[in-house]
Amino acid sequence: MKLAVMVNEGPYTHQASDTAYNFIVAALDAGHEIFRVFFYHDGVNNGTRLTTPPQDDRHIVNRWSELSNTHDLDLVVCVAAAQRRGIVDPDEAKRNGKDSDNIAPGFRISGLGQLIEAGIQADRLLVFGD
Amino acid sequence: MSETKKFMYINRRPPCGTVYPLEGLEVVLIGAAFEQEVCMVFISDGVFQLKQGQDTIDSGMKNFSPTYRALGDYEVTRLYVERESLEERGLTEADLMPLTWEDEDDDWAEKPSIQIVSRTQLSDLLEEQDVVFNF
């Protein structure tokens, strides 16, 4: 089955991001296709490479990046939600006059149209949030 | 995959206090460009999103409630409000913004966008959907 996933909460504060990750790993293991993972609301905070959790905890951001690298996952961060929360890629940093970017490897910033397209293209859209 | 899907956007939170209603509305407005079969649902404290006369000045928050009036122009013409949620909060349809849309198939007649429906009717509507977002 072709699946799309929406993640609506940030890492560590909520379990939504962990549950989405675990679901995707299980779905891929079971042979399903992940069309796209879309990060919205505080979910965009899953995509900052500046995240530095304690050594003895899971690294949620790196875990997404690695999964994207291994399975060629399309991890999309909503641009409008990202701008509000300070998640920027090099292009956005330049466009908005910021001195740095912080997007994590494997993530890309794009618009809400990517979410709607995922809803149209996928057999199921799964929402993980509060 | 050119077929049209049924999209439902469920709003269950009050307009202020969190950014979910505002960001949810942004999804609806962007989604309107994709010409799917769209409806919005207001349940629980989400019914407050449609309340008339919202004033956020003292809170310093953005008052985005006028944006709901634009939904008709985006061809988002079905806004279902749950009757039980209204009643539980002491509200009636008269407390809500008079949202309308113009029906081009009926000589641009102005028609109400808000439909008050029961919990049972909503449950049936939900059953029909292909894609359900909730904010």
Side-chain angles (χ1 to χ4, degrees), chain A residues 1-10 13-17 19-20 23 32-47 74 76-87 108-130, chain B residues 1-41 43-46 49 56 59-64 67 70-71 74-76 125-135:
Chain A
M1 196 176 262
K2 193 192 287 185
L3 303 170
V5 173
M6 180 183 191
V7 180
N8 285 339
E9 296 297 340
T13 309
H14 282 261
Q15 197 189 319
S17 158
T19 312
F23 172 84
H32 297 292
E33 178 192 343
I34 304 294
F35 177 76
R36 177 169 296 147
V37 187
F38 192 89
F39 296 86
Y40 199 47
H41 303 307
D42 278 357
V44 299
N45 291 313
N46 282 278
D74 189 19
V76 180
V77 174
C78 169
V79 60
Q83 283 180 333
R84 287 195 179 101
R85 295 164 178 85
I87 311 295
R108 65 187 179 94
I109 291 182
S110 190
L112 280 167
Q114 300 273 306
L115 171 64
I116 305 297
E117 188 201 12
I120 296 169
Q121 295 294 330
D123 298 313
R124 293 276 191 284
L125 172 78
L126 292 107
V127 183
F128 295 85
D130 197 11
Chain B
M1 283 305 262
S2 59
E3 65 182 303
T4 304
K5 283 193 174 181
K6 292 186 175 181
F7 277 62
M8 176 184 273
Y9 299 93
I10 302 177
N11 298 276
R12 55 197 166 87
R13 294 184 176 91
C16 303
T18 69
V19 80
Y20 296 103
L22 169 59
E23 289 192 331
L25 193 53
E26 286 177 352
V27 178
V28 177
L29 295 174
I30 297 288
F34 286 76
E35 297 182 339
Q36 302 295 302
E37 203 176 310
V38 172
C39 72
M40 293 178 79
V41 167
I43 57 170
S44 187
D45 280 345
Q49 291 182 30
T56 61
S59 71
M61 309 286 245
K62 180 172 170 179
N63 183 2
F64 62 94
T67 311
L71 286 168
Y74 284 81
E75 292 177 24
V76 179
L125 269 169
L126 193 55
E127 201 68 39
E128 296 172 8
Q129 305 302 315
D130 297 307
V131 181
V132 179
F133 293 100
N134 71 89
F135 297 108

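The chains referred to below are lettered A, B, ... by the order of the sequence lines, with proteins before strands, and numbering in each begins at 1.
Counting heavy-atom neighbours within 6.0 Å of A:E33 CD, excluding the residue itself, gives a total above 12. By the neighbour-count criterion of 12 heavy atoms within 6.0 Å, atom CZ of A:F23 is densely surrounded, having more than that number from other residues, nucleotides or ligands.
Between A:R84 and B:L22, the closest side-chain pair of non-hydrogen atoms falls below 4.5 Å. Residues A:I116 and B:V27 are in side-chain contact: their nearest non-hydrogen atoms beyond the backbone lie under 4.5 Å apart. Taking 4.5 Å as the limit, every side-chain heavy atom of A:N8 sits out of range of all side-chain heavy atoms of B:E23.
At a 4.5 Å heavy-atom cutoff, the contact between B:Y20 and chain A is made by backbone and side-chain atoms alike. Both the backbone and the side chain of A:L112 come within contact range of chain B, each with at least one heavy atom under 4.5 Å from a heavy atom of that chain. No part of A:D42 comes within reach of chain B, as not one of its non-hydrogen atoms sits under 4.5 angstrom from that chain.
Distance check, rounded to the nearest 0.5 Å: CD1 of A:I120 to CG of B:D130 gives 10.5 Å. In this structure, the separation between CG on A:D130 and CZ on B:R13 is 5.5 Å, given to the nearest 0.5 Å. Within the model, atoms CD of A:Q114 and CD1 of B:I30 stand 11.5 Å from one another, a figure rounded to the nearest 0.5 Å.
In plain terms, the two heavy atoms of A:H41 and B:F135 that are nearest each other are NE2-CD2, 3.2 Å. Nearest approach of B:K5 to A:A122, heavy atoms of both residues: NZ-O, 2.7 Å. What you find for B:V19 and A:R85 is that their closest heavy atoms are CG1-NH2, 3.3 Å.
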